[in-house]
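Report on one structure; see the data block that follows.
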Amino acid sequence: MKNKIVLFLSSVFGVGYVKLAPGTFGTLAGLVIWALYAPAQYNLQLYWIISILVISIVSSSLAEQIYDVKDDKRIVIDEVAGIWFTLAFLPKTFVFLFFGFVLFRFFDIKKPWIIVKMQNLRGGLGITADDVVAGIFANFILQIINWYF
């Protein structure tokens, strides 16, 4: 039963089992959850991103052990953590959601040098850290755009 719960969480309710681009679909699932349910108050958003960070590290670490594969593609909870870091402390508008998705996927796929180094961390920390850093990069750009416009 414990394994089923871990796999259910780490795959974001089964989204990670999509054959084509599970990371993209995991990101979309995280974006939809954020858009529909994340609180508008920035101090409460902090609790959300801390919670997803802990859930991602723990569940992806356990799922990696169950699958016995390093950073298995079915583990997409890290994409949710990354997109939530991307969207944190920004207005919940279509423009920020759209460009947040695009920027996060760009950094997650292209993986600039520091993001690649995060993948060298072991277990769930390594699985989650690269996506969180990609989300922080994307959030930084969006914060500048938000401040400028």
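Keep in mind it's a predicted model, so treat the numbers as computed, not measured.
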Worksheet entry | All side chain to side chain contact (heavy atoms under 4.5 Å, CB included) counterparts of N3, not counting sequence neighbours |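 Here the qualifying residues are I66.
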
Do [X] and [Y] sit in the same hydrophobic cluster, where Ile, Leu, Val, Met, Phe, Trp and Tyr count as joined when their side-chain heavy atoms come under 4.5 Å apart?
X    : Y   : value
I144 : L87 : no
V6   : V54 : yes
F8   : V15 : yes
I83  : V32 : yes

Discussion item. Between Y17 and L7, is there a side-chain heavy-atom distance shorter than 4.5 Å?
Written reply: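 Of all side-chain heavy-atom pairs linking Y17 with L7, at least one is under 4.5 Å.
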
Item to complete: Report yes if some heavy atom in the side chain of S56 is under 4.5 Å from a heavy atom in the side chain of V80; otherwise report no.
Response: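 S56 vs V80: side chains apart.
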
Identify all side-chain donor-acceptor contacts of residues 92-117 below 3.5 Å with residues at least two apart in sequence or on another chain.
residue : atom : partner : partner atom : Å
K92     : NZ   : W34     : O            : 3.4
K92     : NZ   : A35     : O            : 3.4
K92     : NZ   : A38     : O            : 2.5
T93     : OG1  : F96     : N            : 3.3
R105    : NE   : T24     : OG1          : 3.4
R105    : NH1  : E79     : OE1          : 3.3
R105    : NH1  : D108    : OD2          : 2.8
R105    : NH2  : T24     : OG1          : 3.2
D108    : OD1  : K111    : NZ           : 3.0
K111    : NZ   : D108    : O            : 2.7
K111    : NZ   : D130    : OD2          : 3.0

What distance do [X] atom [atom1] and [Y] atom [atom2] have between them, rounded to the nearest 0.5 Å?
X   : Y    : atom1 : atom2 : result
D71 : I127 : CG    : CD1   : 4.5 Å
T27 : L31  : OG1   : CG    : 8.5 Å
L36 : I33  : CG    : CD1   : 8.5 Å
D72 : E64  : CG    : CD    : 8.5 Å
D78 : L125 : CG    : CG    : 11.5 Å

Please list every donor-acceptor pair under 3.5 Å in which a side-chain atom of residues 40-53 meets a protein atom from a residue at least two apart or in another chain.
residue : atom : partner : partner atom : Å
Q45     : OE1  : F89     : N            : 2.6
Q45     : NE2  : P39     : O            : 2.8
S51     : OG   : Y47     : O            : 2.7

Worksheet item: Taking atom types as modelled and ignoring hydrogens, do the side chains of S59 and S10 form a donor-acceptor contact shorter than 3.5 angstrom?
Response: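 Absent: no donor and acceptor within the cut-off.
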
Shortest non-hydrogen contact from [X] toward [Y]:
X    : Y   : answer
V76  : P22 : CG1-O, 3.4 Å
T128 : S60 : OG1-OG, 3.7 Å
I77  : L9  : CD1-O, 3.6 Å

Worksheet entry | Hydrophobic cluster (4.5 angstrom, side-chain heavy atoms) - remaining members for L20 |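 Listed partners: none, L20 stands alone.
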
Practice prompt. Please list all pairs passing the salt bridge (Lys or Arg N to Asp or Glu O under 4.0 Å) test where one or both residues lie in residues 11-31, with sequence neighbours left out.
Written response: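 Of all non-adjacent pairs touching residues 11-31, none passes salt bridge (Lys or Arg N to Asp or Glu O under 4.0 Å).
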
Return a table of donor-acceptor pairs under 3.5 angstrom between the side chains of residues 133-142 and protein atoms on other chains or two or more places apart.
residue : atom : partner : partner atom : Å
N139    : OD1  : Q143    : NE2          : 3.4
N139    : ND2  : F85     : O            : 3.2
N139    : ND2  : T86     : O            : 2.8
N139    : ND2  : A88     : O            : 2.8

